[in-house]
Amino acid sequence: MEIFWNTIASYNAATWPAQVVLVAAAVVLTLLLYLRPSPAVRIAMKVFMAMLNFWIAGVYYLVYCEPREYHDMLAIFWAIMGCIWVYDLAVKHASLERTGNHTAFALLLFAMPLVYPLFSLALGRTFPMITSPVMPCSVAVFTIGLMLAFSERVNIVLAMFLCHWALIGLSKVYFFGIPEDYLLACSIVPALYLFFREYIRNNASRATKPSPRILNALLVVLCIIIGAFFTFTLLHQFNLFAEI
C-alpha cells in the first residue's frame with residue numbers, strides 16, 4: 001500500500017501543471033461539443049482522448065508507477081484503449097454527435113474527475129497523496145460520460161474495457177485503501193446497461209439467438225448481479241472502516 005500511494009504522490013507532485021492543462025482541454029472540448037459542434041471539434045476530442053489514454057499508459061504507469069508490480073501490463077491495457085480511439089478516428093466509427101439521451105447522468109460523470117480529489121481530501125488525505133483528475137479511474141469515468149452524451153453508435157469494445165477496469169478499480173478498494181474508486185464502480189453498472197441496451201437495439205433487426213428481447217432481459221439480470229456485488233462490497237468496506 002505504501003508503494004501505491006508513494007507513486008501517486010510522485011506523479012501528482014511532478015505533473016500537476018500538465019494535469020491542469022489536460023483538465024482545461026477536456027473542459028473546453030466538452031463545452032465545444034455541446035455548444036459549437038463541428039467536424040474539427042469532434043476530431044480534436046478523439047485525438048485528445050487517444051492522447052489522454054496514452055498519457056495514462058506512458059507517463060502514469062511506465063514512468064511514475066514503475067515501482068509497482070504489473071505496471072507494464074496496466075500500461076498495455078491503457079495503450080490498447082488509446083489505440084481504440086486512434087482506430088475510431090481513422091474509420092469514423094463514432095460520430096460524437098450529441099445524442100440528447102442520459103444528459104443528467106452524463107453531466108454527473110463529467111463532474112466526477114473533479115470530485116475524486118475532493119473525496120480524497122474529505123477522507124483526510126493531503127496533496128500530493130490524493131487521487132487527481134488525470135488518473136486512470138478519473139479518466140475512465142470521464143470516458144463513460146463522453147460515450148453516453150455523444151456516441152450515437154456505442155463502441156462496445158471500449159465499453160467492455162471500461163467495465164473490466166471498473167472491476168480492477170473495485171479490487172483497489174481492498175488492497176490499497178482507496179474508496180474513491182467506488183465512484184467508478186457505482187457509475188459503470190447503469191452505464192453498462194445503457195451501452196449494451198443500445199447495442200442490442202441497434203442490432204434488433206438481425207436474426208439472432210437468443211432474441212434481442214431475451215438478450216435485454218439477460219442484461220438486466222447481469223447488471224442486477226453486478227450491482228448487488230458492488231453493494232455488498234461497499235457495505236463490507238464501510239463495516240471495516242467502522243471497526244477501525
Side-chain angles (χ1 to χ4, degrees), residues 1-26 48-86 109 112-144 158 160-188 229-230 233-234 236-238 240-241 243-244:
M1 182 183 298
E2 183 178 353
I3 292 175
F4 178 82
W5 282 106
N6 284 341
T7 56
I8 288 178
S10 298
Y11 168 75
N12 285 332
T15 65
W16 70 264
Q19 290 191 57
V20 171
V21 172
L22 289 172
V23 170
F48 174 76
M49 292 304 299
M51 181 188 69
L52 193 58
N53 281 265
F54 289 133
W55 169 278
I56 296 297
V59 178
Y60 182 77
Y61 277 115
L62 290 183
V63 177
Y64 290 97
C65 293
E66 193 273 335
R68 300 186 199 173
E69 294 182 0
Y70 310 115
H71 72 283
D72 50 350
M73 297 301 298
L74 296 177
I76 292 173
F77 185 97
W78 280 88
I80 291 174
M81 287 201 287
C83 290
I84 292 174
W85 280 106
V86 172
L109 295 181
M112 282 295 183
L114 301 178
V115 173
Y116 263 86
L118 297 178
F119 206 101
S120 285
L121 294 173
L123 291 171
R125 301 191 180 99
T126 56
F127 183 85
M129 199 172 286
I130 63 172
T131 52
S132 63
V134 190
M135 284 177 59
C137 288
S138 308
V139 172
V141 172
F142 177 80
T143 305
I144 294 170
L158 185 58
M160 292 174 65
F161 267 80
L162 292 169
C163 179
H164 183 66
W165 186 257
L167 296 175
I168 294 175
L170 189 65
S171 68
K172 292 190 295 181
V173 175
Y174 281 115
F175 295 113
F176 303 116
I178 180 169
E180 294 93 322
D181 281 343
Y182 276 121
L183 297 175
L184 172 60
C186 292
S187 67
I188 195 63
F229 172 71
F230 283 172
T233 305
L234 178 61
H236 180 67
Q237 190 68 23
F238 278 158
L240 290 178
F241 285 150
E243 292 175 2
I244 295 174

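What's counted below: heavy atoms across the whole structure, side chains too, no hydrogens, waters or symmetry copies.
Leu52 contributes atom CG, which lies 10.0 Å from atom OG of Ser138 (distance to the nearest 0.5 angstrom). Of the inter-residue distances, the one linking Met129 atom CE with Thr7 atom OG1 reads 9.0 Å to the nearest 0.5 angstrom. For the atom pair CZ of Phe4 and CD of Glu69, the computed distance is 13.5 Å after rounding to the nearest 0.5 Å. The structure places CH2 of Trp5 at 9.0 Å from CD1 of Ile130, a figure rounded to the nearest 0.5 Å. With values rounded to the nearest 0.5 angstrom, His71 atom NE2 is found 6.0 Å from Leu62 atom CG. Distance check: Asn53 CG to Trp78 CH2 gives 5.5 Å after rounding to the nearest 0.5 Å.
Among all heavy-atom pairs drawn from Ala79 and Ala57, the shortest one is N-CB, 3.6 Å. When all heavy atoms are compared, the tightest approach of Leu109 to Val141 is O-CG1, 3.4 Å. Of all the heavy atoms in Ser132 and Gln19, the pair that sits closest is OG-OE1, 2.8 Å.
Ile3 CD1: 12 or fewer foreign heavy atoms inside a 6.0 Å radius.
The backbone N or O of Thr131 lies less than 3.5 Å from a partner atom in the side chain of Ser120, making a donor-acceptor pair.
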Determine, step by step, whether Met73 and Tyr61 satisfy the side-chain contact (heavy atoms from CB on, under 4.5 Å) criterion, reporting the C-alpha distance in whole Å, the side-chain angles of both residues, the deciding distance to 0.1 Å, and the verdict. CA-CA 9 Å; Met73 297 301 298; Tyr61 277 115; over 6 Å; no
List the steps and the verdict of side-chain contact (heavy atoms from CB on, under 4.5 Å) for Asn12 and Tyr64.
CA-CA 9 Å; Asn12 285 332; Tyr64 290 97; over 6 Å; no
- prompt: side-chain contact (heavy atoms from CB on, under 4.5 Å) between Val139 and Trp55: does it pass, once the steps are laid out?
  reply: CA-CA 11 Å; Val139 172; Trp55 169 278; over 6 Å; no
Working note: Val86 + Phe54, criterion side-chain contact (heavy atoms from CB on, under 4.5 Å); need CA distance, chi angles, decisive distance, verdict. CA-CA 11 Å; Val86 172; Phe54 289 133; 4.0 Å; yes
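A heavy-atom distance below 4.5 Å is found between the side chains of Trp85 and Thr143. Counting only heavy atoms from C-beta outward, the side chains of Phe127 and Leu121 never approach each other to under 4.5 Å.
Residue Val134 forms a side-chain contact (heavy atoms from CB on, under 4.5 Å) with just one option from Tyr11, Tyr60, Phe142, and that option is Tyr11.
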